[in-house]
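Reading through the structure tokens given below for one structure.
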Amino acid sequence: MPARRSAMERADWGPLALCALVALAVQTATVVETSRQLVFRFPLLDSATYHRMATAMADDSWHSQAPFWQPPLYPALLSMLYRTIGSDMIPVRLAHGLTAAAAAVLAYAIGRRLGGKRIALAAGLATACYGPLAVFCGQLLPAGLGAALTSAAVLLGLRLLDRPTSWRRALLCGLGFGLAAVNIPNALVCVPVLAFLVWRRSGAPPAEGAAAARRAAVLGALAAGIAAAILPVTLRNFVVSGQWVPISTNGGINLYIGNNPDAVRTMAIRPGTDWDRLAALPFRRGGVRTEAEAQRWF
């Protein structure tokens, strides 16, 4: 069996390389095509926020006394990229293509587990050529990194389902989802589904004490892995601000924008006085005093 698995892994190197190279080619073409736009060199909206934060981190001038407004993993990695290759937009945006390549390779790996080589290759190439992924990977946004990290976490989840009584696999899977959440918290919506599947697939009837204990240990390890990735961010937020914010404070207003009686108007808001007025709503109408309270208000 080990020899057969080794041969299979060697045979997969070609398709994996193809998926990665196609993703890099698509990303390069996208960057070249969009490089003529004014916003390419002057990021706007969320891209501008991430750029300012990463630039400040890169030159050690970022000393915020508030909880993270946006999840910190992407700007932290972007600052490392600035330190390494500088802040010229063309090489920085081309480097983002690595996340697209990683997402394509991981899509192949997931397809390989679920449906064989043909389905895996189709999934990998479809991901590599997916237009929205190419566009977002060419921006200073966490979407490309999110696609790669969430795909990695899903792959670790599939490995856990192969052996649902392994607390080590559960811990590693939890770390994967935790890291994905520190980049984009929405990744955590997968965790309850995974936990349910692990509970169902662990084998023995839940009435048996030993089986229930094993299941609880696996789910505990999954939760511990998630907490290990998120807790440092939570503690940092509390130390600098005295507010218990697990990751960032932008989740509440983002949910409110598309889920309120005047959603058509709020979804059309652009930066400026209208956005500032919206962000100030909890402080003007709700009597809140902190960013954490504002998130709960929204």
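Just so you know, these numbers use all the heavy atoms, side chains as well, and skip hydrogens, waters and symmetry mates.
Within a 6.0 Å sphere centred on CZ of R284, heavy atoms belonging to other residues, nucleotides or ligands number more than 12.
F68 and M80 fall within the same hydrophobic cluster, defined by Ile, Leu, Val, Met, Phe, Trp and Tyr side-chain heavy atoms under 4.5 Å apart, directly or through other members. Hydrophobic cluster membership is shared by L188 and L219, with clusters built from Ile, Leu, Val, Met, Phe, Trp and Tyr side chains linked at under 4.5 angstrom. Both L222 and W199 belong to a common hydrophobic cluster when Ile, Leu, Val, Met, Phe, Trp and Tyr are linked at side-chain heavy-atom distances under 4.5 angstrom. No chain of hydrophobic side-chain contacts below 4.5 Å, direct or via other Ile, Leu, Val, Met, Phe, Trp or Tyr residues, connects V22 to I119. V189 and V191 are not part of a single hydrophobic cluster, where members link through side-chain heavy atoms under 4.5 Å apart.
I253 is not listed as a side-chain neighbour of L281, based on a closest heavy-atom distance of 4.5 Å or more. At least one side-chain heavy atom of L114 sits less than 4.5 Å from a side-chain heavy atom of L158. When side chains are defined from C-beta on, L121 counts as touching L18, because their heavy atoms get closer than 4.5 Å. With a 4.5 Å cut-off on side-chain heavy atoms, I110 and V154 count as touching. P67 is not listed as a side-chain neighbour of S248, based on a closest heavy-atom distance of 4.5 Å or more. Side-chain contact between T127 and C19 is absent, with no heavy atoms from C-beta onward closer than 4.5 Å. The closest side-chain heavy-atom distance from M53 to Y74 is not below 4.5 Å. Between V288 and R296, the closest side-chain pair of non-hydrogen atoms is not below 4.5 Å.
Here the CZ-CZ distance, from R159 to R168, works out to 12.5 Å after rounding to the nearest 0.5 Å. Rounding to the nearest 0.5 angstrom, the gap separating the CG atom in L197 from the CG atom in L161 is 5.5 Å. The line from CD1 of I269 to CG of D262 is 8.0 Å long, rounded to the nearest 0.5 Å. Separating the CG atom in L194 from the SG atom in C173 is a distance of 5.0 Å, to the nearest 0.5 Å.
A donor-acceptor contact shorter than 3.5 Å links the side chain of T234 to the backbone of P246. In this structure a side-chain-to-backbone donor-acceptor pair under 3.5 Å is present from N237 to I247. A donor-acceptor pair is defined here as one N or O able to donate and one able to accept, closer than 3.5 Å; such a pair exists between the side chain of Q243 and the backbone of E291.
In this structure A109 satisfies the side chain to side chain contact (heavy atoms under 4.5 Å, CB included) test together with L155, sequence neighbours excluded. Qualifying side-chain hydrogen bond (donor to acceptor under 3.5 Å, both in side chains) partners for R277, counting only residues two or more places apart in sequence or in other chains: D274. Judged as a ring pair (Phe, Tyr, Trp, His ring centres under 6.0 Å), and not counting sequence neighbours, Y130 has no contacts. Residues forming a side-chain hydrogen bond (donor to acceptor under 3.5 Å, both in side chains) with S79 (at least two apart in sequence, or on another chain): none. Annotation: side chain to side chain contact (heavy atoms under 4.5 Å, CB included) contacts of V182 (sequence neighbours excluded): P72, L73, I230, V233. In this structure, A122 has no side chain to side chain contact (heavy atoms under 4.5 Å, CB included) partners at least two apart in sequence or on a different chain. Scanning for side chain to side chain contact (heavy atoms under 4.5 Å, CB included) contacts around Q70 gives D46, T49, Y50, N250, with sequence neighbours left out. For the side-chain hydrogen bond (donor to acceptor under 3.5 Å, both in side chains) test, residues two or more places apart in sequence or in another chain that qualify with N260 are T266.
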Between T290 and T249, does a side chain to side chain contact (heavy atoms under 4.5 Å, CB included) hold up when you go through it step by step? CA-CA 10 Å; T290 68; T249 58; over 6 Å; no
Evaluation steps, side chain to side chain donor-acceptor pair (under 3.5 Å), between D59 and Y82: CA-CA 9 Å; D59 60 21; Y82 286 169; over 6 Å; no
Applying side chain to side chain contact (heavy atoms under 4.5 Å, CB included), run through Y108 and D12 and close with a yes or a no. CA-CA 10 Å; Y108 178 93; D12 278 351; 3.0 Å; yes
Walk me through it: do H96 and L81 pass the test side chain to side chain contact (heavy atoms under 4.5 Å, CB included)? CA-CA 10 Å; H96 280 58; L81 192 61; 4.1 Å; yes
L160 vs V218, side chain to side chain contact (heavy atoms under 4.5 Å, CB included): CA-CA, chis, key distance, verdict: CA-CA 10 Å; L160 173 59; V218 169; 4.3 Å; yes
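The shortest non-hydrogen separation linking Q27 to G97 is CG-CA, 3.2 Å. In plain terms, the two heavy atoms of A229 and L179 that are nearest each other are CB-N, 3.6 Å. Scanning both residues, A228 and L175, for their nearest heavy atoms gives CB-CD2, 3.9 Å. Nearest heavy-atom pair, V105 versus A20, reported as atom, atom and distance to 0.1 Å: CG2-CB, 3.9 Å. Of all heavy-atom pairs between P75 and A54, the closest is O-CB, 3.5 Å. Here the closest heavy-atom approach between residue P282 and residue A279 is recorded as CD-O, 3.4 Å.
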Report all side-chain donor-acceptor pairs from residues 131-152 shorter than 3.5 Å, counting only partners two or more places apart or in another chain.
from : atom 1 : to   : atom 2 : distance (Å)
T150 : OG1    : G146 : O      : 2.8
S151 : OG     : A147 : O      : 2.7

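Under the salt bridge (Lys or Arg N to Asp or Glu O under 4.0 Å) criterion, the residue pairs touching residues 73-86 are D60-R83, with sequence neighbours excluded. Residue pairs meeting the ring-ring contact (aromatic ring centres under 6.0 Å, His included) criterion with at least one partner in residues 156-182, sequence neighbours excluded, do not occur; the list is empty. Note on residues 215-258: pairs passing ring-ring contact (aromatic ring centres under 6.0 Å, His included), not counting sequence neighbours, are F238-W244, Y256-F298.
At least one cation-pi condition fails for R289 and F283: the charged atom is not both under 6.0 angstrom from the six-membered ring centre and inside a 45 degree cone around its axis.
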